[in-house]
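Remarks on the structure that follows.
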Amino acid sequence: MGPQAALPERLSRAVEARREETVRLLQEFVRVPSVTGYEGTFAAAVAEAFREAGLHTETFEATREEISPYLEHVGEQARYEGRPNVIGRRPGLGGGRSILLNAHIDTVEAGDPTAWAEDPFSGAIRGGRIYGRGSCDMKGGLVTHLAAIRALGDAGVELAGDVTVAATVGEEDGGLGALATILRGHRADAALITEPTRLALVPAQGGSLVFRLTVRGRAAHGAVRSRGVSALEKFIPIFEGLRVLEREREASLSHPLYENIDDKAPLSVGLVRSGNWASTVPESLVAEGRLGLIPGEEMRDIQDLVAGRVAEIAARDPWLREHPPELGWIGGQFAPAEVPVDSPIARAVARAHEGVTGGRPVVEAVSYGADMRHFVLLGGMPCVMYGAGDVGVAHAPDEHVNIEDLLTATKTVACLLADWCAAAG
Ligand SMILES: [Zn+2]
């Protein structure tokens, strides 16, 4: 096949030609731990890989000062130092649409290493898959970007528009790096995040609110418990009332991309602390939980809805009427976000996927929060997600990504760049 071959075919060949190198890069990435908050060592390796791919590369750390007005969106940060974000740029010839490619470089903890078939940082290959923490979520996505850019170079494709690759910290804990990237002025005509979507096109992500509920009781010796008021017993009807609220929401929420999702907007109580002694009636209870939102819902409305329901339940109980439970919203409050399914970037990703695979991609929403919301809501950029790997194995032992899918995602991204940023050559 000469240079006359169609562009998707040329780019696919270029991606295939670097298969071994792409696999090796992901293995190397997986071998450098980068748990949220401790991304520094890995960021240095990423910057090196960016330079080797020919990108104009800079790094920067988010500062407490610039983030403090936005803490509601990303949550309190334990630390800011030693957590560089890496920005790489491939300037275009001019005149084309620009794109920002994003991948987060942090991962969750490896967890119990004995639950893994091999070391969580092995980068081992078995059955056509690369294993290790971060392989799927989402060092594979970062490698996708770099391998796609390499393929463009190999195929002699020049772009009119600029490509920016942002490798960012802190996604698992609210998206510190993505937010800082926007605050530093990085913008493009669209953004793509290669989170593991099983090669589905994802134009919508859920949001979440984290609450803390404090219920007061009155302590007494357990031998004369009727003289006290158990905060635990007072919490139970509130918990049941919140469950009813969850079911009502599940039944009434309507969004075309969420029709087939079981937990559209789950309300889950994840932590309960009560009492201080086995034979003392508990005088207080603290419950913390998480409530999901779907695109189209406003965070304030849902906060008011939950507060109203708690107040209604309290009004029915003489003790709770006198001692109303306190409801607070803690941590990062993550807004849902979406772009229209027929927006130019969504259509361009679908077209690129079809050019590579011969079929239309599945289009679906996800119920979890991701950095997509920062790009859409704060950055004003249309943003979608598309990548190899299954979120079902992310955050779990034996996390892995399928090499064939990784290559397919890479081909799609290469074709997307050629199309979106208007290739020449
Ligand atoms: Zn992720």
Side-chain angles (χ1 to χ4, degrees), residues 26 29-30 32-39 42-43 46 73-75 77 83 85-86 100-111 120-121 123 129-146 165-182 191-208 290 292 331-332 334-338 349 364-377 379 383-402 405-406 409-410 413:
L26 179 51
F29 277 4
V30 167
V32 185
S34 58
V35 171
T36 310
Y38 301 90
E39 298 97 337
F42 181 53
V46 171
H73 302 283
V74 293
Q77 299 293 313
R83 308 180 62 190
N85 301 282
V86 186
L100 187 149
L101 305 173
N102 173 244
H104 63 82
I105 62 171
D106 61 314
T107 74
V108 295
E109 301 267 0
F121 302 100
R129 298 156 158 185
I130 301 173
Y131 282 81
R133 177 57 81 233
S135 56
C136 151
D137 184 15
M138 62 173 286
K139 293 178 177 180
L142 180 57
V143 167
T144 298
H145 295 321
L146 289 175
V165 191
T168 50
V169 303
E171 189 273 346
E172 300 290 358
D173 190 27
L176 174 68
L179 171 63
T181 298
I182 292 160
L192 169 72
I193 307 178
T194 41
E195 285 277 12
T197 68
R198 292 176 291 126
L199 303 178
L201 168 62
V202 173
Q205 61 139 74
S208 64
R290 177 250 192 230
F334 301 158
E338 69 179 327
V349 171
E364 61 188 20
V366 295
S367 57
Y368 56 85
D371 279 343
M372 180 182 162
R373 72 189 192 284
H374 293 316
F375 294 109
V376 173
L377 301 174
C383 176
V384 297
M385 300 194 281
Y386 170 94
D390 188 340
V391 74
V393 301
H395 298 207
D398 296 333
E399 176 180 345
H400 60 268
V401 67
N402 180 297
D405 291 348
L406 185 70
T410 302
V413 173

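All ligand and atom numbering here is 1-based and tracks the order in the structure. Because the structure is a prediction, the values reported are computed rather than measured. Hydrogens, waters and symmetry mates play no part in the numbers below; they use all other heavy atoms, side chains included.
Ion pairing between R373 and E338 fails under the 4.0 Å rule for side-chain N and carboxylate O.
Among residues two or more places apart in sequence or in another chain, the side chain to side chain donor-acceptor pair (under 3.5 Å) test is passed with T194 by H145. Applying the ring-ring contact (aromatic ring centres under 6.0 Å, His included) rule to Y131 yields the partners H400; only residues at least two apart in sequence or on another chain are considered.
Counting only protein atoms, the N, O or S atoms lying less than 2.8 Å from the Zn ion (ligand 1) are H104 NE2, D137 OD1, E195 OE1, E195 OE2, ordered by chain and residue number.
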Under 3.5 Å, which donor-acceptor pairs link side chains of residues 165-181 to any protein atom two or more places apart or in another chain?
{"unit_1": "T168", "atom_1": "OG1", "unit_2": "N102", "atom_2": "ND2", "d": "3.0"}
{"unit_1": "E171", "atom_1": "OE1", "unit_2": "H104", "atom_2": "NE2", "d": "3.4"}
{"unit_1": "E172", "atom_1": "OE1", "unit_2": "H395", "atom_2": "NE2", "d": "3.2"}
{"unit_1": "E172", "atom_1": "OE2", "unit_2": "H395", "atom_2": "NE2", "d": "3.2"}
{"unit_1": "T181", "atom_1": "OG1", "unit_2": "G177", "atom_2": "O", "d": "2.7"}

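To the nearest 0.5 Å, atom CD1 of residue I193 and atom SG of residue C383 are 4.0 Å apart.
Counted by atom type alone, T107 and K139 present zero donor-acceptor pairs between their side chains at under 3.5 Å.
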